[in-house]
There are 2 protein chains.
Amino acid sequence: MIDNKYDIILDAASQVFACEGFHKAKISKIAEIAGIGAGTIYLYFKNKEAILEEIFLRSWSRIESKLLEMKKIKNMTPLQKIAEITGEIIELIYSNVSVAKILLYEYSFWNSNKKEKLSKTVENSQKLIEELITDGIKANIFRKDMNPKDATMFIIGGVWFWIASKSDDLLSYSKEELTDTLFNYIIYGLK
Amino acid sequence: MIDNKYDIILDAASQVFACEGFHKAKISKIAEIAGIGAGTIYLYFKNKEAILEEIFLRSWSRIESKLLEMKKIKNMTPLQKIAEITGEIIELIYSNVSVAKILLYEYSFWNSNKKEKLSKTVENSQKLIEELITDGIKANIFRKDMNPKDATMFIIGGVWFWIASKSDDLLSYSKEELTDTLFNYIIYGLK
DNA sequence: ATGAACAATGAACCATAATTCATTAACGTG
DNA sequence: CACGTTAATGAATTATGGTTCATTGTTCAT
C-alpha cells in the first residue's frame, strides 16, 4: 500500500484520467478517490497539468531507462532486445493499468512544445527505438525497405491502441502471454 | 472551395481540433477561421460535441463503406483487399489532413458509450476488419497464432499514429508511396 | 422601393470546475 | 500539557469559455 500523499494523489489521478480523460477529470474526484480534501492536492502539485506531467514522466522514464540498458548490452540481437523492451512495457502496465490508457492519449499534444524535461524523455525513447530498428536492418534481421522513424511511430501507436482496447481485461492474462502477443505483432505484422 | 456554411464550419473545426485538441479548442476560434460569428455555429450544430461527432461520423462512414464494398467482392485475396482499404484511408487523409489527428486523439473516449450512430459505425468497421483478418487466416495467408480482434486494434492504432506523426508532411509524399508504406507495416511488421 | 421572413451577429449570460485561502486539525517538543 | 509549527480542509473565489438571444443585416417577392 502506498502511504505518502504524493503517490496516493498520482495513483488516484491515474485512475480518474484514464476513465474520464484529462480534461473531463475533476480535481474533486481525484481528491475523493485519494481520500483527501481538494485543496490538499495543491500542496503537492502546482496544478492539474503538473499531475499528468509527472505521470507521463515516470512512465516514459521507465521505458527510457530500459531502452538505454538494452543499448549498452552488446551480446543480444535486436530481436531479443525488442522482446525485453516489450516485456518492460507489459510490466509497466501491470503495475498500473490505468496509466496505459493515459500514457499516449495526450501524447500528440504534449510532445510538441510544452515541458522541456518530458518531451526530451519521450524524444529520447523514440530515438532509441529508431536506433534499435536501424541496427536490426543493418544486421539483415528486419526489412530493408523501411524508414525506422515511420516504423517506430507505427509500433508505438499499435502497442498503445492494443493496450487501450484491452485495458481492464489486461490483468486476466499472464505477463508472458501478453509480452508474446505484442512481440509478434511488432515483428511479424499479419504474416 | 467549400461554399456552404455547414461544411465551412466542419473544416474550420477540423483545423482547430487538430491543433488544440477538442477540449482546448474554442468555438470563438472556429468561428474566426470559418469567417463567421460564434453564434452562427449554433444555427448549424447543436453544440460543440456535435461538430466533432459529425467529423468522426463522416470519416468512419467512408472507411466503413469501403470495407463493405470489399466484403462483397469475391475474386480478391485478403491481401489485395487490405491494399485497397489502405488506399482509401490515404485518400481520406489526403482530402483532410487535420482529421487524422482528431480521429486518433479522441477515439478511445468516444467509441465506448456515447452516440448510438457513431459507435455503431466504428464498431461495424472493426468487425469488418476482423472478418477480413479471419478470412486471411483461413486462407493460410496470415499467421495462425493471432487473435483477429487484437490484430485489428494493433493495426488501427499503428495506422493512426503513423499518420498523426507525419500529419503536415503527409502531403509531400505521393498517395502511392504512402499506401505502399502503410500496407507493408500492416502485413509484414518489422520483417 | 417596401417590408416580411430569414440569417447572422457578438455581447452578455451562465455553468463548470480549477484554484485560493481563512480556518481548523494534527503533530512534535520543551 | 501548552504552544508553536506545519498540514489539511473545503467553502468561496475566479477564470474560462460554451451557449443564448435581443438586435441587426440580408434577401427577395410584390
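Chain letters run A, B, ... following the sequence lines, proteins first and then strands; every chain starts at 1. For clarity, every value in this text was computed on a predicted model and none was experimentally measured. Computed from heavy atoms alone, side chains included, the values below leave out hydrogens, waters and symmetry copies.
Partners of B:Lys48 by side chain to side chain donor-acceptor pair (under 3.5 Å), not counting sequence neighbours: none found. Remark: B:Lys26 pairs with no residue by the salt bridge (Lys or Arg N to Asp or Glu O under 4.0 Å) rule, at least two apart or across chains. Under the salt bridge (Lys or Arg N to Asp or Glu O under 4.0 Å) criterion, A:Glu84 pairs with A:Lys66, sequence neighbours left out. Annotation: side-chain contact (heavy atoms from CB on, under 4.5 Å) contacts of A:Thr40 (sequence neighbours excluded): A:Lys5, A:Ile36, A:Leu43, A:Tyr44.
Evaluated for a side chain to side chain contact (heavy atoms under 4.5 Å, CB included) with B:Val99, the options B:Leu10, B:Asp11, B:Ile55 yield exactly one hit, B:Ile55.
Note: B:Lys166 NZ to B:Leu171 CG = 12.0 Å, rounded to the nearest 0.5 Å.
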Base versus backbone protein contacts along nucleotides 8-19 of chain D [heavy-atom cut-off under 4.0 Å; B, S, -]: BBB------SSB
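For DNA chain C, the outermost nucleotides in 5' to 3' order that have an atom under 4.0 Å from a heavy atom of chain A are C:dA17 to C:dT20.
Between B:Phe45 and B:Tyr6, the distance separating the two ring centers is shorter than 6.0 angstrom.
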